[in-house]
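Structure first, then comments.
In this chain, residues are counted from 1 in sequence order.
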Amino acid sequence: MEINTIDAAVLAKMFLNGAKNLESKKEWINELNVFPVPDGDTGTNMSMTIMSAAKEVSALEKPDMKQIAKAISSGSLRGARGNSGVILSQLFRGFTKVIGKETVITVPVLAAAIQKAVETAYKAVMKPKEGTILTVARGCADKAAELAEETDDFIYFIDEVIKEAELVLKKTPDMLPVLKQAGVVDSGGQGLVVILQGAYDALLGREIDYTIEAETPSSVQKISSETEAEIKFGYCTEYIIVLNKPLTGEEERKYKSFLESIGDSIVVVADDEIVKTHVHTNDPGKALQEALLHGSLSKIKVDNMREEHQERLIKDAAKIAARQAAEQKKAQDAAKSSEPEKESGFIAVSAGDGLSEVFRGLGVDVMIEGGQTMNPSTEDILNAVAEVAAQHVFVLPNNKNIILAANQAADLTKDKQVHVIPTKTIPQGIAALVNFIPEQPVQQNEQRMCGEIKKVKTGQVTYAVRDTVIDDKEIKQDDYMGIGDSSILAVGRDRAQVALEMAECMLDEESALVSIYYGEGMDKIEADALASELTSRHEELEVEVQYGGQPVYYYIISVE
C-alpha cells in the first residue's frame, strides 16, 4: 500500500488519534520525571494541551485544511500547560502555519511543516536545552528533509521519521547527564514520539474510536457515579511490617495469598528486615492482624476510598460553581467598563490555602489555583488577566514549569500590558511582591522585582516515589528528600532531620531571614521545633513559621 496525499479528513483522524494515544499513556510519561517526586506531570501537561486542541478539531463538521489548522493552533495555544505543553503548542503553531495554506498535504509539504514547527518552538524558548523534546523534534525535521528528496510515500516517510525520533530519544540521556543519572529518557520527547505513533496508526487505518468527549458537569457526575459503583473494596490500606525474622519464600506466598482472599490491588515488597504492603480491602483489621504474625507495624495508613470519592465529587462541584461564578463576574466587569481602573494589578499561582492567604495579604488581585501537581493553562492565565482591572498586570508563576505558559498569555493579551516576573518558587513570588513600590514607575518596579527574586533561596521537602541516584545521592523509595533550587540537598528516613540538613545547606554568612511554610496535614509543633533548632544553631537568624497548606511538599523553606 502506498499513500501520496493526506486530505483534511485524514489529517483530522491522525491528529485525534495522536491525542488519544498520548492521553492513554500520560501516566507512564509522568513516571519518567527525572526527580523521583510524587508530582511528575509532563504527560499530564502534554495531554491536556493536545486534548484542548483535539476537542476543537472534533467539534468541526467536514472541515477543510485551514479550519483544522486554526483549531489545532488556537486550541493548543490556549490549552498549553507546563513547559512541555507550551513547547508542544509552539510545535503545532509552526506546523499549522504551513499546512493551513494547503488543500492536501504531500510529503514535501509535511517535511516543510515539520521544519517550521521546530523553528517556531526553538524561538519560543529563551535558552533551548538539548536532550529534550526540542532535540527529538529537530531529529524528526532533519530526517523529514532528507526523506522528502527520496520518496512520495507517506507510509514509508512517517515510519522512518518515527524511527529517527525513537533513535534520538534513546540518545537524550547522553545529552543531559541528569537523565542518565536517573536512568530515564526525556519525558517530553517520549510524549512527542507517542503522538507520532498514534497519528501513524490512524494513517494505516487501524480500528480507532476518534470521539473526543467534551467535559460537562453532567458527564463528570455520570463518570464519578459509575466509578463509585465499581469500588468493590472500600479501604486503601498501607503499612510496613518490621520483621521479627526474614520471611521464607513459602511464608511470603502465603501472606500474599491471604491478602488476595480479602482484597485486591495488592503490592508486597519484602527484604530481610521489612515488608511494605498495599491492599484494597473491606476489612483492614484482618490485614493488620495477619501482618502482626510476622513482626511489628509502622507507617499504618487506612483511607476510606468511598469517602474520598464523595469529597472529590464535592470538590468537582465547587470548582464548576467557582468557574461559573468567575465567568459571570467577568461578564459583569466587561459590562461595567472596558477601561482599566488602576495602574497595576497582580496575579499569583499558588497551591495551598495558607500560601494563597499570604499572597492576598500582599495585594494579589486574582489567585490561580495550581502549581507542581496541576499547572494552569495559558487560557487560565488569560482569564485571570481579564479579571484584573488594571493597565499593567504583573503575573507571578511561582513555578519554573508555568513561566512559558505565562509568557504565552502575555503575548496573546492585546488590551493590557502583562509583565511576567519569572518566579520559580513561592518564596520568590512573595519576595517580588514585598519589593513592589506603588509610587515608582512600572518598569522600575519590574526591574527591582526581577532582581530581588534572585536573592531568594528555596528548599522543599517531599518524598521519593522510586529508587534512583541523583547528585551522587542514593535515594530509596519513600525516603524524604530536601530539594534546593538546583539540586537535591538532603536525603533520609527522618523528615525533621532532612528539613534541618536542607536548611543548613542553604545558609551562608549573609543569610538573615528563614521562612518556614508547613504543608497540608503537617503539625505546627514539628515546624516550630525545626525553627527552634535553627535559631539555637544560628542566633543571628530571624526564623518565621507560617501555615502554607501546600500539598505534596511537607515544607517550603526560604532563605534571604
Side-chain angles (χ1 to χ4, degrees), residues 1-19 21-22 46 49-50 53 57 65-66 68-69 72-73 76 84 87-125 128-172 175 185-186 188-206:
M1 182 174 71
E2 187 171 309
I3 298 175
N4 302 116
T5 59
I6 293 174
D7 61 18
V10 172
L11 178 66
K13 289 181 179 180
M14 292 174 69
F15 182 77
L16 293 176
N17 199 58
N21 199 38
L22 179 62
M46 292 183 72
T49 299
I50 197 172
V57 172
M65 201 71 74
K66 184 177 180 180
I68 291 176
I72 293 173
S73 180
S76 61
S84 55
I87 292 171
L88 182 62
S89 74
Q90 290 295 324
L91 287 169
F92 288 143
R93 184 184 183 191
F95 181 83
T96 55
K97 282 181 180 178
V98 175
I99 66 158
K101 299 175 183 178
E102 308 293 331
T103 54
V104 294
I105 300 173
T106 60
V107 165
V109 168
L110 184 57
I114 297 172
Q115 183 62 48
K116 187 67 174 178
V118 173
E119 291 173 4
T120 305
Y122 265 90
K123 286 178 183 177
V125 181
K129 186 181 290 185
E130 297 306 329
T132 66
I133 182 175
L134 290 171
T135 310
V136 177
R138 192 178 64 196
C140 292
D142 292 344
K143 188 66 175 179
E146 175 189 324
L147 290 167
E149 302 291 328
E150 302 174 5
T151 183
D152 294 324
D153 178 20
F154 273 114
I155 293 180
Y156 174 73
F157 175 87
I158 296 177
D159 183 46
E160 290 298 311
V161 168
I162 292 174
K163 287 177 181 175
E164 181 67 18
E166 292 170 335
L167 181 63
V168 175
L169 179 66
K170 289 178 182 178
K171 295 178 180 178
T172 54
M175 303 176 203
V185 296
D186 178 67
Q190 182 67 73
L192 181 60
V193 170
V194 166
I195 294 169
L196 295 175
Q197 290 169 336
Y200 187 52
D201 283 343
L203 180 67
L204 296 176
R206 291 173 181 162

Please name the pair of heavy atoms, one in [X] and one in [Y], separated by the smallest distance, quoted to 0.1 Å.
X    : Y    : result
V136 : T172 : CG2-CG2, 4.3 Å
V57  : I68  : CG2-O, 4.4 Å
E2   : N4   : OE2-ND2, 3.1 Å
V107 : F157 : CG1-CD1, 3.5 Å
Q190 : V185 : OE1-CG2, 3.9 Å
V193 : A165 : CG2-CB, 3.9 Å

Criterion side-chain contact (heavy atoms from CB on, under 4.5 Å) against Y200, the qualifying member of N21, N17, I158:
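Single pass found, and it is I158.
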Please test D152 against T106 for side-chain contact (heavy atoms from CB on, under 4.5 Å), starting from the C-alpha separation and ending with a verdict.
CA-CA 7 Å; D152 294 324; T106 60; over 6 Å; no
Spell out, as yes or no, whether a donor-acceptor pair under 3.5 Å connects the side chain of T151 to the backbone of L147.
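Checked: no pair found.
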dist I162:CD1 -> L169:CG (nearest 0.5 Å) comes out at 12.5 Å
Looking at CD1 of I6 and CE of M65, how far apart are the two atoms once the value is rounded to the nearest 0.5 Å?
8.0 Å
Can you confirm whether L88 sits close enough to I195 that some side-chain heavy atom of one is under 4.5 Å from a side-chain heavy atom of the other?
yes
Below 4.5 Å, heavy atoms only, C-beta onward: do I133 and M46 meet side chain to side chain?
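The answer is yes; the side chains approach within 4.5 Å.
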Please determine whether side-chain contact (heavy atoms from CB on, under 4.5 Å) holds for the pair S76 and T96, giving the CA-CA distance in whole Å, both sets of side-chain angles, and the decisive distance to 0.1 Å.
CA-CA 11 Å; S76 61; T96 55; over 6 Å; no
Can you tell whether the side chains of E166 and K163 come within less than 4.0 Å, N to carboxylate O?
no
Less than 3.5 Å apart, which donor and acceptor atoms pair up between the side chains of residues 108-125 and the rest of the protein, not counting sequence neighbours?
from : atom 1 : to   : atom 2 : distance (Å)
T120 : OG1    : K116 : O      : 2.8
Y122 : OH     : E130 : OE1    : 3.3
Y122 : OH     : E130 : OE2    : 3.1
Y122 : OH     : R138 : NH1    : 3.4

